[in-house]
Amino acid sequence: MITKHKMQELQELVAERGPLCVGLDTDPSYLPASVIKSVGSAEEAVLTYNKEIIRRIAADKTACCCKVQIAYYEAMGLKGMSVYAQTLQAVKEAGLIAISDIKRSDIAASASAYARGHFTGDFETDLITINPYMGFDTLKPFTDYAAPEKGGKGAFVLLCTSNPGMTDIEHQELKNGGLLLERVGAEIARINGEFKAQYADQTCGAIGAVVGATQEADARRLRDLYPDTFFLIPGYGAQGGAARIAATLLDRAGGTVNSSRGILCAWKNDEQLAERREAGSLSMAEIADSAARAATFSKNDLLSAKNAL
């Protein structure tokens with residue numbers, strides 16, 4: 001029987017390598033046409049790029065995990081889903097934690113099938129994202145996999161997301177007081193309480209929360225409300241979230257801060273590649289090197305902000 005759940009493993013990797021999560025939300029449009037042509041197909045180019053980035057960030061120890069957004073792979077069809085599975089495998093083989101950004105939610109048997117499909121088999125991952133807004137009963141088939149006998153898997157429940165429309169639902173006031181997102185946060189804490197006896201020595205709960213780095217007014221309050229909950233923090237970088245907001249969310253039980261386009265598309269603004277970019281002669285190695293440099297910058301930016309608190 002395992003002694004650590006995956007969220008604990010991720011928390012420990014953050015301490016060792018820093019809080020950066022590299023988002024492999026790799027759309028073919030993020031790659032130079034010349035690079036895709038040199039590889040042969042969009043799907044093969046995406047897989048090659050993903051593996052090159054994973055190899056570099058693992059060697060440089062600039063990231064603790066990778067978040068793989070399934071939508072981009074579903075959009076490429078059957079070949080894309082093969083790329084998705086191989087990307088997850090590459091992340092785990094590199095010694096990093098794999099987060100599958102699937103945002104699933106469904107009832108009863110359907111939720112159980114989703115959980116089985118992403119915690120076992122071809123698409124097996126370490127952690128997933130799940131949506132609580134169909135009701136808390138929809139979470140249980142997923143959170144059951146946090147048990148030691150099921151592999152100590154974990155999930156990040158959507159709490160305070162990074163998109164502007166989050167206020168439409170998450171910030172709605174309840175009749176008995178408080179915000180809807182606070183009701184979700186209380187449920188996450190309750191679920192984690194159920195696993196305390198099985199993971200008595202862990203320093204964070206097996207179930208985490210998605211909290212965006214774009215809502216500065218919420219950051220300190222949410223971090224203090226849920227001190228033992230590990231956060232997945234999107235919105236940093238291309239979405240406009242500041243490192244100082246992320247640093248606040250990294251307090252207490254901590255978290256991991258995702259950057260996707262800021263790393264994947266770094267080559268587009270990389271001064272070192274200006275001539276090659278204008279000539280349309282960039283290589284896969286060059287754009288992967290640019291992504292690696294962006295990852296190093298992001299890690300250092302986040303750590304500087306955290307140290308400045």
task = Kindly check if the number of other-residue, nucleotide or ligand heavy atoms within 6.0 Å of NZ (K61) is above 12?
result = no
query = Does the distance from a Lys or Arg side-chain N to an Asp or Glu carboxylate O, for R252 and D228, drop under 4.0 Å?
reply = no
request  = Run through the side-chain heavy atoms of Ile, Leu, Val, Met, Phe, Trp and Tyr, join any pair under 4.5 Å, and report what else lands in M134's cluster.
outcome  = I107
ask   = What pairs meet the salt bridge (charged side-chain N to carboxylate O under 4.0 Å, His left out) rule with one or both residues in residues 12-30, with sequence neighbours excluded?
value = K4-E12, D25-K67
Set of salt bridge (charged side-chain N to carboxylate O under 4.0 Å, His left out) partners for K103, sequence neighbours left out = D101
inquiry  = Counting only heavy atoms not in R293 (residues, nucleotides, ligands), do more than 12 fall under 6.0 Å from its CZ?
reply    = yes
ask   = Considering residues, nucleotides and ligands other than K268, do more than 12 of their heavy atoms fall under 6.0 Å from its NZ?
value = yes
key: Residue pairs passing the salt bridge (charged side-chain N to carboxylate O under 4.0 Å, His left out) test where at least one lies in residues 230-244, sequence neighbours excluded   = E216-R244
query = Does L24 reach the side chain of Q69, with side-chain heavy atoms less than 4.5 Å apart?
reply = no
task = Supply the atom-to-atom distance I287 CD1 to L264 CG, rounded to the nearest 0.5 angstrom.
result = 9.5 Å
request  = Locate the shortest heavy-atom distance separating A266 from G262; write the atom from each residue and the value.
outcome  = CB-O, 3.6 Å
request  = Walk me through it: do L20 and S259 pass the test side chain to side chain contact (heavy atoms under 4.5 Å, CB included)?
outcome  = CA-CA 7 Å; L20 181 65; S259 178; 4.2 Å; yes
message = For a 4.5 angstrom cut-off between non-hydrogen side-chain atoms, does Q86 reach Q89?
response = no
Heavy-atom donor-acceptor pair, N50 side chain to T87 backbone, under 3.5 Å = no
ask   = Just checking, any donor-acceptor pair under 3.5 angstrom between side chains of D270 and S290?
value = yes
query = Is Q198 close to E149 at the side-chain level, that is, under 4.5 Å between some pair of heavy atoms?
reply = yes
inquiry  = Tell me whether D289 is salt-bridged to R56, with the criterion being a basic N under 4.0 Å from an acidic carboxylate O.
reply    = yes
ask   = Taking only residues two or more places apart in sequence, or in another chain, which ones meet S41 in a side chain to side chain contact (heavy atoms under 4.5 Å, CB included)?
value = E43, E44
ask   = So do E52 and L47 actually touch side chain to side chain, heavy atoms under 4.5 Å?
value = no
ask   = What is the minimum heavy-atom distance between I233 and A213, and which atoms define it?
value = CG2-CB, 3.7 Å
inquiry  = Is there a continuous path of hydrophobic side-chain contacts, each under 4.5 Å between heavy atoms, that joins L174 to L159?
reply    = yes
request  = Work out which heavy atom in C204 is nearest to a heavy atom in A253; give both atom names and the distance.
outcome  = CB-CB, 4.3 Å
Let me check something: any side-chain donor-acceptor pairs from residues 278-285 under 3.5 Å, sequence neighbours excluded? List them with distances.
from: S283; atom 1: OG; to: E286; atom 2: N; distance (Å): 3.1
from: S283; atom 1: OG; to: E286; atom 2: OE1; distance (Å): 3.3

request  = Indicate whether the side chain of N258 and that of S260 have a donor and an acceptor atom separated by less than 3.5 Å.
outcome  = yes
ask   = Just by modelled atom types, is the I102 backbone N or O under 3.5 Å from a matching donor or acceptor in the R104 side chain?
value = yes
ask   = Any side-chain heavy-atom pair from I99 and T125 closer than 4.5 angstrom?
value = no
inquiry  = Who clusters with M166? Use side-chain heavy atoms, under 4.5 angstrom, across I, L, V, M, F, W and Y, and order the result by chain and number.
reply    = none
key: Y84: partners by ring pair (Phe, Tyr, Trp, His ring centres under 6.0 Å), with sequence neighbours left out   = Y73, F123
query = Is there a donor-acceptor pair closer than 3.5 Å between any side-chain N or O of R223 and the backbone N or O of L249?
reply = yes
inquiry  = Between I54 and F297, is there shared hydrophobic-cluster membership here, with clusters defined by ILVMFWY side-chain heavy atoms closer than 4.5 Å?
reply    = no
Minimal non-hydrogen separation, I36 against P28, with atom names = CD1-O, 3.5 Å
task = Test D126 against K92 for side chain to side chain contact (heavy atoms under 4.5 Å, CB included), laying out the working first.
result = CA-CA 9 Å; D126 297 315; K92 290 181 281 188; 3.8 Å; yes
Side chain to side chain contact (heavy atoms under 4.5 Å, CB included) evaluation trace for I245 with T214 = CA-CA 7 Å; I245 304 174; T214 55; over 6 Å; no
task = Compare all side-chain heavy atoms of V211 with those of L232 and state whether any distance is below 4.5 angstrom.
result = no
task = Could you note down all residue pairs passing side-chain hydrogen bond (donor to acceptor under 3.5 Å, both in side chains) where residues 296-309 supplies at least one of them, sequence neighbours left out?
result = Y236-D301
inquiry  = I'd like to know if the side chain of E170 reaches the main chain of T161, judged simply by a donor and an acceptor atom lying under 3.5 Å from each other, with no hydrogens or angles considered.
reply    = yes
ask   = Taking W267 for the side chain and Y30 for the main chain, is one N or O donor matched with an acceptor at less than 3.5 Å?
value = yes
note = The complete set of ring pair (Phe, Tyr, Trp, His ring centres under 6.0 Å) pairs with one or both residues in residues 133-181, sequence neighbours excluded, reads F119-Y145
message = Between L180 and E173, does the side chain to side chain contact (heavy atoms under 4.5 Å, CB included) criterion hold? Intermediate values first, please.
response = CA-CA 6 Å; L180 180 57; E173 293 188 16; over 6 Å; no
note = For Q215 and S162 the tightest heavy-atom approach is NE2-O, 4.4 Å
Residue pair T256 / L10, side-chain heavy-atom distance below 4.5 Å = yes
inquiry  = Could you check whether any side-chain heavy atom of H118 comes within less than 4.5 Å of a side-chain heavy atom of K153, counting everything from C-beta outward?
reply    = no
request  = Count the heavy atoms of every other residue, nucleotide or ligand shown that sit under 6.0 Å from CG of L309, and state whether that count exceeds 12.
outcome  = yes
query = Out of curiosity, does L250 fall in the hydrophobic cluster containing L303 (side-chain heavy atoms, cut-off under 4.5 Å, transitive links)?
reply = no
Short N-O contact, R221 and E182, less than 4.0 angstrom = yes
query = Is a side-chain N or O of Q8 found less than 3.5 angstrom from the main chain of A206, in a donor-acceptor match?
reply = no
message = Given 3.5 Å as the limit, does a donor-acceptor pair link the side chain of T26 with the main chain of V46, or not?
response = no
message = A108: which residues meet the side chain to side chain contact (heavy atoms under 4.5 Å, CB included) condition with it, sequence neighbours left out?
response = none
query = Which residue pairs pass the ring pair (Phe, Tyr, Trp, His ring centres under 6.0 Å) test when at least one of the two sits in residues 195-228, sequence neighbours left out?
reply = H5-Y199
request  = Over all heavy atoms of both residues, which pair between A209 and I188 is shortest? Give the atoms and the distance, please.
outcome  = CB-CD1, 3.8 Å
